[in-house]
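Step one of this worksheet: look at the structure below.
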Amino acid sequence: MLFRSTDRTYDVIVSQPGNPWMAGASALFTREYFEQVKERLAPGGIASIWIQGFSASPESVNALVGTLASVFEHADLWETRVLGDYILTAYDGPLRFDLAALEARMGETAVAQGLSYYSIYDAAELLGYFVAPVDAARSLPGASEINVDDHNFLETRLQRELLLRREVDVYLSLSSVRTSPVDRLAPPEGERAAALAARLERIARAKQMVREARVLEARADALGDAAAVVQAAALDREVGRLRATIEAL
């Protein structure tokens with residue numbers, strides 16, 4: 001492993017291995033590995049770690065988040081445009097989101113082009129993927145289970161969960177601790193910061209409606225017999241109404 005063969009430290013460490021249930025890759029989701037990441041971060045450095053939220057139970061995903069939180073005091077959870085994909089970012093100290101610096105960086109041609117592939121064109125759209133500090137997830141079921149080298153329970157548990165398709169349950173579980181990134185902004189700067197806060201509020205309302213729509217869709221899917229057709233149709237109409245409102249936002 002690279003960390004064992006060098007004493008170098010790094011400003012950015014990105015970890016996007018295979019799934020945690022895969023032999024070999026599973027070792028990159030343990031407390032010991034996260035400790036190595038922390039040791040190799042330069043002052044002010046950032047670690048970015050992908051975690052699997054699809055084909056997994058909420059408890060297993062919460063254990064991944066809790067394992068990172070047992071090593072890093074300062075870390076955040078982010079969602080992506082793909083349901084079931086999440087990113088953990090960890091730091092060596094408290095981090096504030098500097099709006100001016102963020103906008104300047106996003107204005108660079110290469111960065112702007114890369115973000116455009118994901119339909120992200122301004123700071124509000126980027127910060128809209130913020131879920132919560134990982135410390136907020138400590139209260140979730142399963143978050144107190146720590147995945148370690150000597151007992152890498154996620155490697156085998158996630159294999160058993162492969163066919164569960166519970167990504168909506170994971171999404172709803174993590175959304176239950178969602179917090180606004182506004183409180184993490186560096187000291188606000190007049191109208192621009194106010195406009196950002198307003199955009200983020202609209203994004204938050206849209207995401208709340210998405211959660212409501214997913215709950216209704218799950219309820220509709222669960223109504224399998226003929227007697228439930230009318231109920232399912234009513235739920236589908238409600239989902240349509242929510243999605244129309246989301247589009248309007």
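Computed from a prediction, not measured in an experiment: that's the story for all the values here. Starting from 1, each residue takes its place in the sequence as its number. Values below: every heavy atom of this structure, side chains too, minus hydrogens, waters and symmetry copies.
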(request) State the CZ-CG distance between R138 and D135, to the nearest 0.5 angstrom. (result) 5.0 Å

(message) I need the D149 CG to T30 OG1 distance, nearest 0.5 Å.
(response) 4.0 Å

(message) To the closest 0.5 Å, what do you measure between OG1 (T156) and NE2 (H151)?
(response) 7.5 Å

(message) If we ignore hydrogens and angles and just use 3.5 Å, is the side chain of N152 paired with the main-chain N or O of S26 as donor and acceptor?
(response) yes

(request) Using atom types as modelled and distance alone, determine if a side-chain donor or acceptor of Q52 lies under 3.5 Å from a backbone N or O of F54. (result) yes

(message) Could you walk me through whether L127 and L102 satisfy the side-chain contact (heavy atoms from CB on, under 4.5 Å) test, starting with their C-alpha distance in whole Å, then the side-chain angles of each, then the deciding distance to 0.1 Å, before giving a yes or no?
(response) CA-CA 10 Å; L127 293 174; L102 183 60; 4.2 Å; yes

(request) Please identify each residue that fulfils side chain to side chain donor-acceptor pair (under 3.5 Å) with E39, with sequence neighbours left out. (result) none

(message) Please give me the minimum heavy-atom distance between D11 and A42, naming the atom from each residue.
(response) OD1-CB, 3.6 Å

(message) Measuring only between side-chain heavy atoms, which start at C-beta, is W50 closer than 4.5 Å to N19?
(response) yes

(message) Counting C-beta onward and ignoring hydrogens, is there a side-chain heavy-atom pair between L41 and Y10 closer than 4.5 Å?
(response) no

(message) Side-chain heavy atoms under 4.5 Å apart, restricted to Ile/Leu/Val/Met/Phe/Trp/Tyr: what other residues fall into the cluster of L163, or is it alone?
(response) none

(message) Determine whether a donor-acceptor pair (N or O, by modelled atom type, separation under 3.5 Å) exists between the side chain of D85 and the backbone of T80.
(response) no

(request) Please tell me if the side chains of L185 and R96 come closer than 4.5 Å, counting only heavy atoms from C-beta onward. (result) no

Report all side-chain donor-acceptor pairs from residues 61-79 shorter than 3.5 Å, counting only partners two or more places apart or in another chain.
from: N62; atom 1: ND2; to: P58; atom 2: O; distance (Å): 3.1
from: N62; atom 1: ND2; to: P141; atom 2: O; distance (Å): 2.8
from: T67; atom 1: OG1; to: A63; atom 2: O; distance (Å): 2.7
from: T67; atom 1: OG1; to: N147; atom 2: N; distance (Å): 3.0
from: S70; atom 1: OG; to: T67; atom 2: O; distance (Å): 2.6
from: D76; atom 1: OD1; to: R184; atom 2: NH1; distance (Å): 2.9
from: D76; atom 1: OD2; to: Y91; atom 2: OH; distance (Å): 2.6
from: D76; atom 1: OD2; to: R184; atom 2: NH1; distance (Å): 3.4
from: D76; atom 1: OD2; to: R184; atom 2: NH2; distance (Å): 2.9
from: W78; atom 1: NE1; to: T89; atom 2: OG1; distance (Å): 2.9
from: E79; atom 1: OE1; to: R178; atom 2: NH2; distance (Å): 3.0
from: E79; atom 1: OE2; to: R178; atom 2: NH2; distance (Å): 3.2
from: E79; atom 1: OE2; to: K207; atom 2: NZ; distance (Å): 2.8

(request) Could you point out which residue of S55, S60, S57 forms a side-chain contact (heavy atoms from CB on, under 4.5 Å) with R166? (result) S57

(message) Regarding E167 and R165, does a basic nitrogen lie under 4.0 Å from an acidic carboxylate oxygen?
(response) yes

(message) With side-chain contact (heavy atoms from CB on, under 4.5 Å) as the criterion, how do R157 and E145 come out once you've worked through the C-alpha distance, each side chain's angles and the decisive distance to 0.1 Å?
(response) CA-CA 13 Å; R157 182 197 289 181; E145 296 183 274; 2.9 Å; yes

(request) Ignoring hydrogens and angles, tell me if any N or O in the side chain of S116 forms a donor-acceptor pair with the backbone of Q113 under 3.5 Å. (result) yes

(request) Rounded to the nearest 0.5 Å, what's the gap from CE on M22 to CG on L28? Could you check? (result) 10.5 Å

(request) Return the minimal non-hydrogen interatomic distance between A132 and T179, and the atom names on each side. (result) CA-OG1, 3.6 Å

(request) Please answer whether the main-chain N or O of A124 pairs with a side-chain N or O of D122 as donor and acceptor at a distance below 3.5 Å. (result) yes

(request) Working to the nearest 0.5 Å, report the span between CG of L99 and CE of M106. (result) 10.0 Å

(request) May I ask you to check whether over 12 heavy atoms, not counting those of R8, lie within 6.0 Å of atom CZ? (result) no

(message) Using 0.5 Å steps for rounding, measure from the CG atom of L126 to the CZ atom of R105.
(response) 12.0 Å

(message) For a 4.5 angstrom cut-off between non-hydrogen side-chain atoms, does S48 reach V12?
(response) no

(message) Given 3.5 Å as the limit, does a donor-acceptor pair link the side chain of E125 with the main chain of Y121, or not?
(response) yes

(request) Please examine the side chains of I120 and Y129, heavy atoms only from C-beta on, and report whether any two atoms are closer than 4.5 Å. (result) yes

(request) Could you pull out the closest heavy-atom pair between E155 and A23, with the gap in Å? (result) OE2-CA, 3.5 Å

(message) What I'd like to find out is whether the side chain of Y33 reaches to under 4.5 Å of the side chain of S15, using heavy atoms alone.
(response) yes

(message) Determine whether S173 and L140 satisfy the following criterion, side-chain contact (heavy atoms from CB on, under 4.5 Å), listing intermediate values before the conclusion.
(response) CA-CA 8 Å; S173 172; L140 292 174; 4.1 Å; yes

(request) Using atom types as modelled and distance alone, determine if a side-chain donor or acceptor of Q159 lies under 3.5 Å from a backbone N or O of W21. (result) yes

(message) On a heavy-atom basis, which atom in P181 and which in L200 lie closest, and how many Å separate them?
(response) CG-CD1, 3.9 Å

(message) Would you say CZ of F153 has more than 12 non-hydrogen atoms from neighbouring residues, nucleotides or ligands within 6.0 angstrom?
(response) yes

